[in-house]
Colleague: 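Dropping the structure in here first, questions after.
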2 protein chains.
Amino acid sequence: MRFASPPKGRFDMSNQVTLQTVADRVGVSRTTVSNAYNRPNELGAALRERILQAAAELGYRGPDAAARMLRSGHMGAIGLLFTEDLRFVFTDPDTTSFMQGVAETSALSGTGLTLLPAPPGVALSGTAVDSAAVDGHIVFSVADGDPALESVLSRNQPVVVVDEPDLGNRASFVGIDDRAGARLAAQHLLDLGHTHLAVLLGRLTSETRSGHVGTDRERTATMRIARERIAGYRSAVVDAGLDETSLVLWEAGGNDPDSARRAAVDLIEAHPTVTGLLCFNDQIAIGASQAGQLVGRHIPDDLSLVGFDDVPRALTWDPPLTTIRQPLVDKGRVAADLLLKEIHGGPPRRAILPIELVVRASTAPPLARVD
Amino acid sequence: MRFASPPKGRFDMSNQVTLQTVADRVGVSRTTVSNAYNRPNELGAALRERILQAAAELGYRGPDAAARMLRSGHMGAIGLLFTEDLRFVFTDPDTTSFMQGVAETSALSGTGLTLLPAPPGVALSGTAVDSAAVDGHIVFSVADGDPALESVLSRNQPVVVVDEPDLGNRASFVGIDDRAGARLAAQHLLDLGHTHLAVLLGRLTSETRSGHVGTDRERTATMRIARERIAGYRSAVVDAGLDETSLVLWEAGGNDPDSARRAAVDLIEAHPTVTGLLCFNDQIAIGASQAGQLVGRHIPDDLSLVGFDDVPRALTWDPPLTTIRQPLVDKGRVAADLLLKEIHGGPPRRAILPIELVVRASTAPPLARVD
DNA sequence: ATCAATTACTGAATCGATACAGTAACTTTC
DNA sequence: GAAAGTTACTGTATCGATTCAGTAATTGAT
């Protein structure tokens with residue numbers, strides 16, 4: 001939808017109250033009124049009081065945002081870029097927790113938060129994504145080379161990338177050690193005695209694809225996190241002396257439980273000897289657990305499940321999920337904090353947040369089986 | 001947190017590329033370049049191509065947002081005001097579904113979406129809430145007379161209020177017939193044969209309070225929806241010939257399952273004869289169902305539960321919830337749509353969305369009991 | 001062939017506020 | 001009591017783009 005008629009502008013200038021109006025009323029200069037709002041200690045308290053008083057009487061609401069932005073060059077807002085489908089953005093607990101953290105920190109600093117949805121396949125030009133009035137951007141988990149990311153980077157403003165991609169020194173970064181986290185998850189299953197593991201991933205690229213992941217597909221992965229976690233899972237398997245190729249990689253086609261459930265059914269059918277399933281996140285693990293129920297596999301006796309993230313539901317799910325905890329809300333807070341600091345002149349930084357294996361009831365030693 | 005140092009402004013003017021730069025390069029006037037971006041059919045296609053080409057070469061990213069805003073008076077963004085705690089905003093399925101709808105519609109129209117969190121007890125002045133660069137506001141479910149709402153209204157821009165309060169002709173409105181919905185819910189329980197009903201509300205005011213709601217407390221309610229629903233529940237009870245005072249009103253102190261669970265335990269203890277519980281929304285019903293389990297009441301045999309909203313989880317919950325469905329995502333879409341239309345010169349409107357009783361497994365006739 | 005209408009462009013004024021240099025009045029210092 | 005410093009203000013240039021009145025060139029109508 002694009003509107004034919006432009007929005008009503010500021011063209012009823014008749015009774016516009018501006019800084020000048022207030023200045024005239026009080027009998028001071030425009031500058032002094034501006035200072036009354038922005039630099040309270042550059043003028044006497046009594047005068048300031050008189051000015052604010054007059055402003056209130058005239059119904060003046062404070063300096064016009066657009067004019068201030070133009071002159072001062074700062075927008076008082078940060079942008080939050082997503083490239084996922086909006087249905088996903090507002091449903092996925094990882095994403096909403098992250099947003100909560102960002103919103104908390106930006107609200108505390110009095111900074112506005114502008115959402116910049118750039119779902120795949122929608123043109124960017126003329127949208128908020130390339131013209132939003134913001135001082136910097138947080139980019140949340142985007143595939144390598146995404147056009148929306150390029151657009152954001154070309155604005156030459158501070159950017160904080162969260163999770164992926166890793167732009168090196170082109171932008172600040174907030175994330176975790178995904179490889180180590182994945183390794184921790186796999187190690188846990190290996191320690192329990194599992195020898196037949198599989199990985200159930202959400203997506204390797206921004207396109208939806210599901211099913212077995214061969215080396216060809218793996219090589220095309222544009223999601224950094226997926227690549228890192230695969231490397232982590234694999235390194236634990238290799239170090240345990242198992243054959244690297246014995247680690248089955250399977251793609252769900254989405255990070256939601258429904259996609260995961262469907263994919264897990266196929267995976268279990270194709271690889272019935274697998275007893276330990278490494279899930280890309282808790283939503284995937286939830287789907288996998290539903291799949292287990294569907295195909296008659298008891299969790300954890302017939303199939304152990306390790307999630308990732310430790311979303312609130314991981315604790316209340318039946319069975320409660322063993323998972324790798326990462327501080328999602330903090331991630332949002334830290335991202336906003338780094339961005340705000342950088343906007344105010346600080347240097348770009350990298351923040352790696354801690355992770356932790358949380359053992360609950362979705363993992364157990366494999367049942368002894370007659371091979 | 002407030003930053004001492006102002007953000008770095010636009011004071012490295014050295015190699016700023018502006019409309020003028022592009023105009024000089026091509027050898028046309030500033031106006032023509034502006035037209036190339038904003039009014040493509042006001043100039044020849046070939047010239048337009050040359051201009052865009054030159055802009056690309058110069059790395060010009062299109063008209064500066066702040067300058068455009070100042071001159072044209074329109075911001076290209078809408079604000080979304082919340083007064084709930086941010087933890088709640090991003091966790092509550094009603095709210096996130098609504099946000100999804102708003103985000104979808106604003107993204108489609110190329111309009112930015114600025115989040116304006118105004119949790120209680122945080123000063124407004126100087127924050128994004130009273131100075132955000134937006135063309136209008138959507139106000140989501142706010143208590144009567146909230147200061148953030150007043151601040152938004154004083155900007156003399158289009159406002160769409162969702163659910164509450166009802167400002168009459170001071171603002172556009174999107175909501176449902178809450179009274180009818182509540183009536184439908186109560187009627188369903190009455191039809192099943194229940195004679196001892198209670199209402200478990202989230203909150204009647206923006207302050208947190210839990211426990212029995214007497215007439216005094218009821219009279220102070222500042223949340224319109226709560227008042228309407230109470231009236232609806234009560235009207236069904238009265239029309240069924242039951243004593244109006246037999247309808248127990250109980251406040252949970254929050255719209256989350258945890259608050260509801262705790263409150264429901266107390267409620268059941270205080271009023272053990274109640275067999276039908278009218279829950280303010282599905283989150284409350286989920287909490288109540290957990291409470292039922294805690295105190296050994298089987299749902300629906302020992303206690304029937306009716307929710308409200310029909311969030312996705314209502315279907316997958318055990319037992320699946322009987323509820324009043326309202327189109328939450330649509331509500332967001334409609335709100336954004338009304339606001340955009342009003343910004344573009346349309347009149348204020350009221351939209352009342354449809355509701356529907358969805359009968360699932362959380363309600364059943366009361367067990368015959370020996371009184 | 002003439003006048004009117006349309007198209008494609010230009011130049012100047014303007015939006016409202018902020019930055020910055022400048023200044024008058026007042027205070028401190030020795 | 002003169003020089004130096006501080007405080008509290010003013011005046012002007014400026015931010016970058018859009019609007020609008022106007023003009024020259026082209027097309028169309030009669």
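Here is how names work: the chains are called A, B, and so on, in the same order as the sequence lines, proteins then strands, and each is numbered from 1.
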Colleague: Who are the ring pair (Phe, Tyr, Trp, His ring centres under 6.0 Å) partners of F98(A), not counting sequence neighbours?
Modeller: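 Here the qualifying residues are F140(A).
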Colleague: Taking atom types as modelled and ignoring hydrogens, do the side chains of S29(B) and T32(B) form a donor-acceptor contact shorter than 3.5 angstrom?
Modeller: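 Judged by distance alone, the side chains do pair up.
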Colleague: Between N38(A) and R68(A), is any pair of side-chain heavy atoms under 4.5 Å apart?
Modeller: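 A side-chain contact exists here, since the closest heavy-atom pair is under 4.5 Å.
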Colleague: List the atom pairs, with distances to 0.1 Å, where a side-chain N or O of residues 76-88 of chain B and a protein N or O form a donor-acceptor pair under 3.5 Å, not counting sequence neighbours.
Modeller:
from, atom 1, to, atom 2, distance (Å)
E84(B), OE1, R203(B), NH2, 3.4
E84(B), OE2, R203(B), NH2, 3.2
D85(B), OD1, R87(B), N, 2.8

Colleague: I need the single residue from V160(B), L339(B), I138(B), D337(B) that forms a side chain to side chain contact (heavy atoms under 4.5 Å, CB included) with V102(B). Which is it?
Modeller: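 Of all the options given, the one that passes is I138(B).
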Colleague: If I take atom CD in residue Q20(B) and atom C1' in nucleotide dT18(D), what distance separates them, rounded to the nearest angstrom?
Modeller: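 Taking CD of Q20(B) and C1' of dT18(D), I get 14 Å after rounding.
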Colleague: Any N or O donor-acceptor pair under 3.5 Å from the base of dT18(D) to the side chain of R68(B)?
Modeller: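 Looking at the base of dT18(D), it does not pair with any donor or acceptor on the side chain of R68(B) (distance under 3.5 Å).
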Colleague: Starting at atom CD1 of I51(B), determine the distance to atom P of dA8(C), rounded to an integer number of angstrom.
Modeller: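 The distance from CD1 of I51(B) to P of dA8(C) comes to 12 Å, rounded to the nearest Å.
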Colleague: Output all residues satisfying ring pair (Phe, Tyr, Trp, His ring centres under 6.0 Å) with F90(A), sequence neighbours left out; order by chain, then residue number.
Modeller: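 By the ring pair (Phe, Tyr, Trp, His ring centres under 6.0 Å) rule, F90(A) matches no residue at all.
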Colleague: Please pick, from dT18(C), dA17(D), dA17(C), the nucleotide with the shortest atom-to-atom distance to any side-chain atom of N38(A).
Modeller: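 Nearest to the side-chain atoms of N38(A), counting from C-beta on, is dT18(C).
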Colleague: Rounding to an integer number of Å, can you tell me how far R71(B) CZ sits from dA12(C) P?
Modeller: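 The answer, rounded to whole Å, is 16 Å.
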Colleague: Please set out all donor-acceptor pairs under 3.5 angstrom arising from side-chain atoms of residues 44-56 of chain B, sequence neighbours excluded.
Modeller:
from, atom 1, to, atom 2, distance (Å)
R48(B), NE, A36(B), O, 2.7
R48(B), NH2, A36(B), O, 3.2
Q53(B), NE2, E57(B), OE2, 3.0

Colleague: Look at the side chain of R224(B) and the backbone N and O of D163(B), then say whether any donor-acceptor pair between them is shorter than 3.5 Å.
Modeller: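 Such a contact is found between R224(B) side chain and D163(B) backbone.
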Colleague: Distance check needed: dT18(C) P versus M75(A) CE, whole Å only.
Modeller: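 Those two atoms, CE and P, are 14 Å apart.
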Colleague: Summarise how protein sits on nucleotides 6-11 of chain D as a single string, 5' to 3': B when a protein heavy atom is under 4.0 Å from the base, S for sugar-phosphate-only contact, - for no contact.
Modeller: --SSBB
Colleague: Starting at CE of M69(A) and ending at C1' of dA17(D), how long is that distance when rounded to a whole Å?
Modeller: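 Nearest whole value for this atom pair: 15 Å.
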Colleague: Whole-Å distance between dA13(C) P and L70(B) CG?
Modeller: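 Atom CG in L70(B) sits about 18 Å away from atom P in dA13(C).
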Colleague: Between the protein and nucleotides 25-27 of chain C, list the N/O to N/O atom pairs that are separated by less than 3.5 angstrom.
Modeller:
none

Colleague: Could you state the atom-to-atom distance from CZ of R61(B) to C1' of dG16(D) in whole Å?
Modeller: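 It works out to 15 Å between those atoms.
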Colleague: R350(A) and S172(A): side-chain donor and acceptor closer than 3.5 Å?
Modeller: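 Side-chain D/A pair, R350(A) to S172(A): absent.
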Colleague: To the nearest Å, give me how far apart CG (D64(A)) and P (dA17(C)) are.
Modeller: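 Spelled out: CG on D64(A) to P on dA17(C) is 6 Å.
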Colleague: Can a side chain N or O of Y60(A) be found less than 4.0 Å away from OP1 or OP2 on dA17(C)?
Modeller: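 Y60(A) to dA17(C) OP1/OP2: side-chain N or O found under 4.0 Å.
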